[in-house]
Visitor: 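The structure that follows is given in the form of structure tokens.
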Amino acid sequence: MSLKNAMTADFLRSAYGGESMAHMRYLIWGENAQKDGYPNIGRLFKAIAYAEWCHAKNHFNVLKEQVGDNTVAAGGVFGNTNIIENLQGAINGELHEVEQMYPVYLETAKFQEEKDAQRSFHFALEAEKIHAEMFKNAQNSAKEGKDIGNETIYICPVCGFTEIGDNVEKCPVCGAKKELFKSF
């Protein structure tokens, strides 16, 4: 199915840009966290970076017939300071997506009857809610000078759903089987 509406296509491009930047930023912050003595928070950043890559890939794939160069404007958090500030940057970015960006993008895709875009935006929105909470919990631990636990982090490769520990048999967002999940 090809996109019919320019606004939804623009929102997909913006979301692709933002998710791509989040992917890279989280990889950098994860490396920084490990160097600073927080290996499990570093692993959390790397796991969520993979989820952001899944979102970027989904948005990119919906745009498959939108061939050509485009300037992509997307909000991006910059800086690499300390674990507390980096986690705050992650929290702020995730909350922006949950409270402002994805609700608007999703409603626009619904209004414009863009089913593939709706699915892609829905998947990202649901995962970002989880990511914001995970980053808040990690920040609370880091504020006490502690790392988070070393439980395995699982990411659904279809929608980016993220969980700590082996708690589900299939993805509650997209229905993918647990065997497909990537573990960190």
Side-chain angles (χ1 to χ4, degrees), residues 15 18-34 36-59 74-107 119-176 178 180-184:
E19 298 292 358
S20 297
M21 286 190 287
H23 167 77
M24 290 306 301
R25 181 173 53 250
Y26 293 166
L27 289 176
I28 294 165
W29 286 345
E31 188 175 272
N32 196 52
Q34 287 182 317
D36 288 347
Y38 296 91
N40 294 325
I41 292 175
R43 191 168 43 82
L44 177 68
F45 271 124
K46 289 180 181 181
I48 293 177
Y50 176 74
E52 306 301 355
W53 176 84
C54 293
H55 300 155
K57 179 184 72 165
N58 288 342
H59 301 329
V77 177
F78 287 88
N80 186 15
T81 58
N82 63 59
I83 189 75
I84 305 298
E85 289 184 23
N86 292 346
L87 284 162
Q88 189 61 54
I91 293 164
N92 293 347
E94 300 297 322
L95 290 177
H96 168 74
E97 291 174 331
V98 168
E99 295 171 356
Q100 298 178 39
M101 188 179 94
Y102 279 123
V104 171
Y105 290 5
L106 180 57
E107 287 306 311
R119 184 174 31 264
S120 192
F121 293 148
H122 169 71
F123 286 172
L125 176 60
E126 294 307 309
E128 305 305 12
K129 292 174 185 176
I130 297 165
H131 298 163
E133 192 63 32
M134 288 178 168
F135 284 137
K136 285 179 191 176
N137 292 338
Q139 187 187 50
N140 289 338
S141 291
K143 283 180 178 177
E144 295 177 5
K146 299 177 185 173
D147 201 357
I148 60 172
N150 65 354
E151 300 90 353
T152 302
I153 303 165
Y154 294 93
I155 309 289
C156 174
V158 175
C159 71
F161 169 78
T162 305
E163 73 164 349
I164 296 176
D166 191 9
N167 303 310
V168 297
E169 291 303 313
K170 67 177 188 171
C171 179
V173 176
C174 72
K178 181 69 173 228
L180 300 175
F181 282 30
K182 185 165 177 154
S183 60
F184 292 84

Visitor: Report the distance from atom CD1 of I83 to atom CD1 of I41, rounding to the nearest 0.5 Å.
Guide: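 Output value for this atom pair is 4.5 Å.
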Visitor: In the structure I gave you, are the side-chain heavy atoms of E151 and R43 within less than 4.5 Å of one another anywhere?
Guide: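 No - every pair of side-chain heavy atoms lies 4.5 Å or more apart.
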Visitor: Measuring from N82:CG to Y38:OH, what's the distance to the nearest 0.5 Å?
Guide: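 It comes to 9.0 Å.
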Visitor: Testing the basics here: between D147 and S141, what is the closest heavy-atom pair and its distance to 0.1 Å?
Guide: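 Shortest heavy-atom contact: O-CB, 4.1 Å.
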Visitor: Once rounded to the nearest 0.5 Å, what's the spacing between atom NE2 of H96 and atom OH of Y102?
Guide: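 Here the interatomic distance stands at 9.5 Å.
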Visitor: Hey, are E144 and N140 close enough side-chain-wise for a donor-acceptor pair under 3.5 Å?
Guide: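 No.
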Visitor: Going through the checks in order, is the side chain to side chain contact (heavy atoms under 4.5 Å, CB included) test met by F45 and L87?
Guide: CA-CA 9 Å; F45 271 124; L87 284 162; 3.5 Å; yes
Visitor: Grab the two heavy atoms, one from Q34 and one from G42, that are nearest each other, plus how far apart they are.
Guide: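 Looking at all heavy atoms of both residues, the shortest contact is CG-CA, 4.0 Å.
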Visitor: Which pairs would a plain distance check flag for residues 164-173, meaning a side-chain donor or acceptor within less than 3.5 Å of a matching protein atom at least two apart in sequence or in another chain?
Guide:
unit_1 : atom_1 : unit_2 : atom_2 : d
D166   : OD1    : K178   : NZ     : 3.1
N167   : ND2    : I164   : O      : 2.9

Visitor: Give, for atom OH of Y50 and atom NZ of K57, the distance between the pair rounded to the nearest 0.5 Å.
Guide: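 If I round to the nearest 0.5 Å, the distance is 6.0 Å.
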Visitor: Flag the pair E19 / E97 as yes when at least one side-chain heavy-atom distance between them is below 4.5 Å, and no otherwise.
Guide: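 A side-chain contact under 4.5 Å exists here.
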Visitor: Considering non-hydrogen atoms only, spot the tightest contact between S120 and N58 and give its length.
Guide: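 Minimum heavy-atom separation between S120 and N58: OG-CB, 3.3 Å.
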Visitor: How would you list, by chain and number, every residue that makes a salt bridge (charged side-chain N to carboxylate O under 4.0 Å, His left out) with E107, sequence neighbours excluded?
Guide: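 Counting only residues at least two positions away or on another chain, E107 forms a salt bridge (charged side-chain N to carboxylate O under 4.0 Å, His left out) with K110.
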Visitor: Does atom CD of Q100 have more than 12 heavy-atom neighbours from other groups under 6.0 Å away?
Guide: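 Result for CD/Q100: enclosed.
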Visitor: If you look at every heavy atom in K46 and G30, which pair is closest and at what distance?
Guide: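 Of all heavy-atom pairs spanning K46 and G30, the closest is CE-C, 4.5 Å.
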Visitor: Centres of the F161 and F123 rings: under 6.0 Å?
Guide: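 No - the distance between ring centres of F161 and F123 does not fall below the 6.0 Å cut-off.
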Visitor: Side chains of I148 and N137: closer than 4.5 Å at any heavy-atom pair?
Guide: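 Side-chain contact under 4.5 Å: no.
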Visitor: For residues I84 and Q139, report the shortest heavy-atom separation together with the two atoms involved.
Guide: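 Residues I84 and Q139, closest heavy atoms: O-NE2, 3.1 Å.
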Visitor: Once you round to the nearest 0.5 Å, how far does CD1 of I155 lie from CZ of F181?
Guide: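 Atom-to-atom, I155:CD1 and F181:CZ are 9.0 Å apart.
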Visitor: Can you give me the closest heavy-atom contact between C54 and C156, atom names plus distance?
Guide: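 Looks like SG-O, 4.0 Å.
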Visitor: Give a yes-or-no answer on whether the side chains of E128 and H55 include a donor-acceptor pair shorter than 3.5 Å.
Guide: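 E128 vs H55: donor-acceptor pair found between side chains.
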Visitor: Could you tell me whether the side chain of R25 and the main chain of A90 form a donor-acceptor pair under 3.5 Å?
Guide: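 Not a single qualifying donor-acceptor pair exists.
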Visitor: Would a 4.5 Å heavy-atom cut-off, applied to side chains only, mark F135 and Q88 as touching?
Guide: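 In short, these two side chains do not touch, never coming nearer than 4.5 Å.
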Visitor: At what distance, to the nearest 0.5 angstrom, does OG of S183 lie from CD of E163?
Guide: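 Reported value, rounded in 0.5 Å steps: 11.0 Å.
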